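For reference, the structure is listed below as structure tokens.
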Amino acid sequence: MMRAARLDKNFYEEVEADTSYGQDALMVVILAALANGVGSFFGGLLSGSGLLGSLGSLVMGIIVGVVGYYIWVFVAQYVGTRFFKGTGDFGEVQRAFGFAYAPQVLNIFRFIPCLGAFVPLVTWLWSLATGFVAIRQSLDQDDTNAALTMLVAFLVVLAFTVLLGIIAGMMVWLGQP
């Protein structure tokens, strides 16, 4: 995870080529999603959302993190190979992009009042950088095509995340007395 977070392109090449990293990559994503969920849970408790609302934040953080990862990998691999001269398969992108989630483990600290908004912003920007390297290396693209692949994939995942947020909000709203 440290090599991934340091944007070590040789590490991403190694992960791309070695199929034994598949489960490790998924574990990084799950750990990052869990850290985000736990940070949201404690943040919710500290902000007065109550136990139920905080548990909802925990569960949604984990679900959105893992499902969003698979959507991002699928879209990036599809768009990158169809439109932006990429050559990697789903497994290569999945392994490399899973490790790109490493900085998001720091989201566990998002509940700290003075860091609450800053930590997710920093981990998001850092993850975009690691994701860029992962996409570039796993799809064997140049910088421009990797950036375009990341942009398209990001917009799709953003739309998915907003949609999930709306659905979750509606569920909470409908559950109110």
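The first residue of the sequence shown is numbered 1, and numbering continues consecutively from there. All values reported here derive from a predicted model rather than from experimental measurement.
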Between [atom1] on residue [X] and [atom2] on residue [Y], distance to nearest 0.5 Å:
X: F118; Y: T123; atom1: CZ; atom2: OG1; value: 10.0 Å
X: F84; Y: L151; atom1: CZ; atom2: CG; value: 8.0 Å
X: M27; Y: M1; atom1: CE; atom2: CE; value: 10.5 Å
X: D24; Y: D18; atom1: CG; atom2: CG; value: 9.0 Å

For residues [X] and [Y]: do they belong to one hydrophobic cluster (side chain heavy atoms under 4.5 Å, members Ile, Leu, Val, Met, Phe, Trp, Tyr)?
X: L121; Y: M150; result: yes
X: M2; Y: L31; result: no
X: L155; Y: V162; result: yes

Before you tell me yes or no, could you show the steps for F90 and Y70 under side-chain contact (heavy atoms from CB on, under 4.5 Å), namely the whole-Å CA-CA distance, both residues' side-chain angles and the distance that decides it to 0.1 Å? CA-CA 10 Å; F90 182 84; Y70 278 107; 4.2 Å; yes
Might you confirm whether atom [atom1] of [X] has over 12 heavy atoms from other residues, nucleotides or ligands at distances under 6.0 Å?
X: F154; atom1: CZ; answer: yes
X: F160; atom1: CZ; answer: yes
X: F74; atom1: CZ; answer: no

Report yes if some heavy atom in the side chain of [X] is under 4.5 Å from a heavy atom in the side chain of [Y]; otherwise report no.
X: E14; Y: R3; answer: yes
X: Q77; Y: T149; answer: no
X: V73; Y: Y69; answer: yes
X: W126; Y: L106; answer: yes
X: D140; Y: K85; answer: no

Would you name the heavy atoms of [X] and [Y] that are closest together and state the gap between them?
X: V105; Y: A35; answer: O-CB, 3.3 Å
X: T130; Y: P103; answer: CG2-CG, 4.0 Å
X: A33; Y: G65; answer: CB-CA, 4.1 Å
X: Y21; Y: V15; answer: CD1-CA, 3.8 Å
X: G80; Y: Q141; answer: O-NE2, 3.5 Å

Considering residues at least two apart in sequence or located in another chain, which fulfil the side chain to side chain donor-acceptor pair (under 3.5 Å) criterion with D143?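 Residues passing side chain to side chain donor-acceptor pair (under 3.5 Å) with D143: R136.
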If the condition is side chain to side chain donor-acceptor pair (under 3.5 Å), which residues does T144 pass it with, not counting sequence neighbours?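 With neighbours one apart ignored, the set is empty.
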Step by step, work out the side chain to side chain donor-acceptor pair (under 3.5 Å) result for Q104 and S127. CA-CA 7 Å; Q104 293 185 31; S127 292; 3.2 Å; yes
Just by distance, with hydrogens left out, do E16 and Q137 show a side-chain donor and acceptor under 3.5 Å apart?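 E16 vs Q137: no donor-acceptor pair found between side chains.
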Report yes or no: does R95 contribute a side-chain atom to a donor-acceptor pair with the main-chain N or O of G91 at less than 3.5 Å?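 Yes: the side chain of R95 pairs with the backbone of G91.
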My understanding is that only one of V93, D89, L139, T87 makes a side-chain contact (heavy atoms from CB on, under 4.5 Å) with T81; could you say which?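 Result for side-chain contact (heavy atoms from CB on, under 4.5 Å) with T81: L139.
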Aromatic contact between W72 and Y101, with the criterion being ring centroids under 6.0 Å apart: yes or no?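 No: the rings miss the under 6.0 Å criterion.
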Would you please indicate if the ring centroids of F99 and F11 are separated by under 6.0 Å?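 Close enough - the centres of the two rings lie under 6.0 Å apart.
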